[in-house]
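Presented below is the structure to which this report refers.
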Amino acid sequence: MITMIIITGAVEGSMPFISGWIIDNVVETGNLDMLKIAGGIYTAVIIAQITTVYWFIFHAGKVESGMAYNIRKRGFAKLQRLSLSFYDKNSAGTTLSKLTSDVGRVCGTITWGIIDYTWGTVMMLTMSILMFIRSWQLALVTLAVMPILFGGGFLFQKIIINKYRAVRKINGIITGAYNEGIMGARTVKTLSQEERSHSEFKDKTHDMKQKAIKAGVIGGIFFPFVGFMASVGTALALWAGGVSVANEVITYGMFATFIFSSMQFFYPVYQMSQTFANLQYARAAGERIIDLMDTEEEIVDCTESDIPRKIEGNIEFKNVSFEYVKGERVLKNFSINIKKGESIALVGHTGSGKSTIVNLACRFYEPTEGTILIDGKDYKEISQRDLHSSLGYVLQSPYLFNDTIMENIRFGRLDATEEEIIQACKEINAHEFIMNLEFGYQTKAGESGKLLSTGQKQLISMARAVLADPSIFVLDEATSSVDGESEVKIQKATDRLLEGRTSFIIAHRLSTVVHADRILVVDKGVVIEEGSHNELISLEGHYHKLYTNQFFEEREAELLKEK
Ligand SMILES: Nc1ncnc2c1ncn2[C@@H]1O[C@H](COP(=O)(O)OP(=O)(O)OP(=O)(O)O)[C@@H](O)[C@H]1O
């Protein structure tokens with residue numbers, strides 16, 4: 001491709017000389033036969049030029065999209081490897097813009113920058129060399145403005161870049177505001193805060209408009225500046241050339257050559273100084289992409305064995321402490337030995353550390369201190385594939401993909417047949433509600449499952465878990481948002497899922513944990529009570545208090561409903 005660009009630049013750089021030669025040898029002499037030959041040559045050169053330009057634009061497009069495809073593919077793979085702590089620290093909007101607009105900018109600028117610089121340099125070099133060969137004195141006069149044109153061009157772009165940086169910074173804020181506006185639309189509406197959100201957004205866009213106008217004013221001067229300098233160059237060529245023609249030092253053809261050359265110099269300088277500015281932007285965008293690609297993976301996976309390892313489900317926490325943020329300990333010196341098939345319920349006030357224990361067991365995060373053993377082995381020595389394929393997780397509000405219910409359930413095991421999926425749903429009594437939906441299993445769940453209720457999403461998520469048949473199962477129990485009928489269904493599905501599996505239940509209603517083998521009462525990152533329901537009730541401690549309080553609250557609510 002580079003060869004084609006060089007040829008194109010050289011041909012374009014020679015055009016003024018071909019024109020000058022035609023003036024001297026055809027127009028001046030009035031040789032009509034020669035005129036036909038010259039016309040033919042000229043047409044051939046133009047066709048060759050159009051073809052090469054098409055050729056390199058086509059190939060540049062291919063290179064650009066190929067490069068972007070590769071970076072985005074690697075970026076996506078990186079995002080899959082990064083642990084949850086990365087998503088805690090980086091907003092979704094910023095990460096998305098790195099892999100979309102930043103990648104687009106870098107690939108576009110590199111591809112077209114190489115083309116513009118190569119083409120512009122070859123074209124200007126060709127013209128300069130030919131001008132010096134023909135008349136070095138006239139070449140010096142014509143090119144006298146070039147240092148000012150180049151220097152001024154690059155200086156201008158530096159100033160414009162700074163102005164546009166400010167615009168882009170606000171642009172990032174506006175993207176974030178759009179993101180929040182869309183994600184938080186329900187909250188804004190329910191709190192009737194549309195006016196306030198709108199007015200905050202208006203302030204931000206107004207600021208961007210002001211800064212963009214300032215950048216535009218300076219940017220607007222640039223083109224006339226380049227044009228003016230080019231005209232000065234042409235004027236000098238006219239003056240010096242005119243004098244030389246009058247003194248019969250040069251021919252008319254050569255005179256025209258110099259005028260055409262000085263005019264043609266204008267475009268590559270303009271193009272190259274703009275590319276220079278784009279390269280500055282691309283550098284910043286490139287740094288952001290490299291920053292993402294070089295993000296340290298906090299959870300380093302060990303090499304996978306060829307044969308997947310079957311996890312039995314024995315879990316041991318040995319003096320485990322954990323902090324999400326350095327210096328802020330949320331789990332303190334926690335130890336527990338859980339036997340295969342045991343069910344563990346975690347209860348405690350909000351923010352006490354229940355989810356943290358589960359997140360550590362699933363290795364979404366690793367302990368800051370201490371060790372977690374699975375089947376007697378430090379779980380850092382078990383591949384994530386083996387661990388996660390043995391793990392079923394049903395979240396409070398499960399994430400569903402914008403796909404059919406059938407495909408959402410299949411996500412539990414990709415090679416599951418339709419019959420297996422339907423059987424899984426029947427086992428947890430989800431089949432009936434799915435069949436009552438307009439398109440049954442082919443009903444779309446909507447973006448993140450928003451077309452379904454929380455209870456329905458939980459049942460679908462449980463069907464996924466049945467398919468996956470995990471040895472460890474985690475249930476983050478849904479809160480009061482689930483109606484009575486769904487609650488009974490979910491409870492039955494839960495009982496079915498717990499059979500024979502090591503399980504963690506993050507319980508919000510204590511009535512659901514009565515049958516757990518062991519209940520851990522967590523408070524400020526410490527387990528303050530541990531035992532079965534009966535043991536903890538007879539202890540008359542924290543659990544007893546939590547249980548009786550909630551029992552009376554639920555009873556009161558029922559009485560109110562009855563009234
Ligand atoms: N990703 C995070 N980054 C920083 N701090 C976090 C993060 N997740 C939780 N925390 C903090 O860790 C502590 C324990 O949180 P955790 O989610 O484990 O509580 P929980 O008992 O599960 O609460 P809930 O019942 O409300 O779900 C809280 O103080 C919380 O603010």
Side-chain angles (χ1 to χ4, degrees), residues 79-95 180 183 187 295-299 315 317 319-336 338 343-370 372 391-399 454-455 457-458 461 472-482 487 490 494 503-514 516 518-530 536 541-543 545-547 549-550 553-554:
L79 288 182
Q80 303 291 299
R81 284 196 306 274
L82 285 167
S83 54
L84 288 186
S85 54
F86 169 82
Y87 296 95
D88 292 340
K89 292 175 210 145
N90 298 277
S91 79
T94 315
T95 310
E180 292 223 310
M183 304 299 284
T187 312
T295 307
E296 206 184 315
E297 287 160 30
E298 286 183 19
I299 294 182
I315 306 173
F317 279 65
N319 306 319
V320 172
S321 295
F322 181 72
E323 19 191 80
Y324 289 103
V325 181
K326 215 172 164 34
E328 290 175 27
R329 196 166 271 212
V330 291
L331 189 67
K332 293 159 201 146
N333 207 21
F334 173 63
S335 295
I336 189 171
I338 305 164
S343 60
I344 304 291
L346 297 159
V347 300
H349 294 295
T350 178
S352 55
K354 304 182 291 290
S355 307
T356 305
I357 292 175
V358 166
N359 283 340
L360 287 167
C362 300
R363 208 178 164 203
F364 294 147
Y365 298 85
E366 281 178 353
T368 317
E369 278 170 34
I372 297 176
L391 204 81
Y393 204 133
V394 175
L395 294 164
Q396 230 181 80
S397 185
Y399 187 86
T454 307
K457 282 196 273 188
Q458 280 228 336
S461 179
I472 302 167
F473 176 65
V474 176
L475 170 71
D476 195 347
E477 189 201 58
T479 43
S480 48
S481 54
V482 177
E487 191 186 334
I490 289 170
T494 310
S503 52
F504 291 93
I505 307 160
I506 300 176
H508 298 280
R509 272 159 309 161
L510 300 183
S511 53
T512 57
V513 300
V514 173
R518 256 190 288 176
I519 300 166
L520 308 186
V521 183
V522 191
D523 185 43
K524 298 190 186 100
V526 179
V527 174
I528 51 172
E529 277 175 19
E530 184 181 337
L536 293 183
H542 290 85
Y543 180 77
K545 206 166 139 195
L546 280 172
Y547 187 79
N549 280 352
Q550 214 177 68
E553 277 169 21
E554 281 176 13

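Order of appearance sets the numbers: ligands from 1, and atoms from 1 within every ligand.
Remark: Thr295 engages no residue in a side-chain hydrogen bond (donor to acceptor under 3.5 Å, both in side chains) (not counting sequence neighbours).
For Gln458 against Val394, the heavy-atom pair with the smallest separation is O-CG1, 4.1 Å. Pro367 approaches Leu360 most closely through the heavy-atom pair N-CD2, 3.7 Å. Residues Tyr87 and Leu79 approach most closely at OH-O, 2.7 Å, considering heavy atoms. Contact detail for Tyr393 and Ser461: the closest heavy-atom pair is O-OG, 3.9 Å.
Proximity of Gly353 to ligand 1 is established by a heavy-atom distance of less than 4.0 Å. Within the structure, the closest approach of Glu328 to ligand 1 does not fall below 4.0 Å when heavy atoms are considered.
With a 6.0 Å radius and a threshold of 12 heavy atoms from other residues, nucleotides or ligands, Glu296 has its CD atom at or below the threshold.
For atom 4 (C) of ligand 1, the nearest protein heavy atom lies under 4.0 Å away. Using a 4.0 Å threshold on non-hydrogen atoms, atom 17 (O) of ligand 1 counts as touching the protein.
Residue pairs meeting the salt bridge (charged side-chain N to carboxylate O under 4.0 Å, His left out) criterion with at least one partner in residues 350-365, sequence neighbours excluded, are Arg363-Glu366.
Residue-to-ligand polar distances place Gly351 within reach of ligand 1: an N/O pair is separated by less than 3.5 Å.
At the top of the distance list for atom 12 (O) of ligand 1, counting protein heavy atoms only, stands Val330 CG1, 3.3 Å. The nearest protein atom to atom 27 (O) of ligand 1, hydrogens excluded, is given as Ser355 OG, 3.8 Å; this is a heavy-atom distance. Of all protein heavy atoms, the one lying nearest to atom 26 (O) of ligand 1 is Thr350 OG1, 2.5 Å. For atom 25 (O) of ligand 1, the closest non-hydrogen atom on the protein side is Lys354 NZ, 2.8 Å. Shortest contact from atom 1 (N) of ligand 1 to any protein heavy atom: Asp88 OD2, 3.0 Å. Taking atom 6 (C) of ligand 1 as the reference point, the nearest protein heavy-atom neighbour is Tyr324 CD1, 3.2 Å.
Contact annotation for Thr356 and ligand 1: heavy atoms of both the backbone and the side chain come within less than 4.0 Å of the ligand.
Less than 4.0 angstrom separates some heavy atom of His349 from each of these atoms of ligand 1: 21 (O).
Using modelled atom types, one finds a donor on one side chain and an acceptor on the other under 3.5 Å when comparing Asn319 with Ser335.
Ring orientation note: the planes of Phe322 and Tyr324 are nearly perpendicular, at an angle over 60° on the 30°/60° scale.
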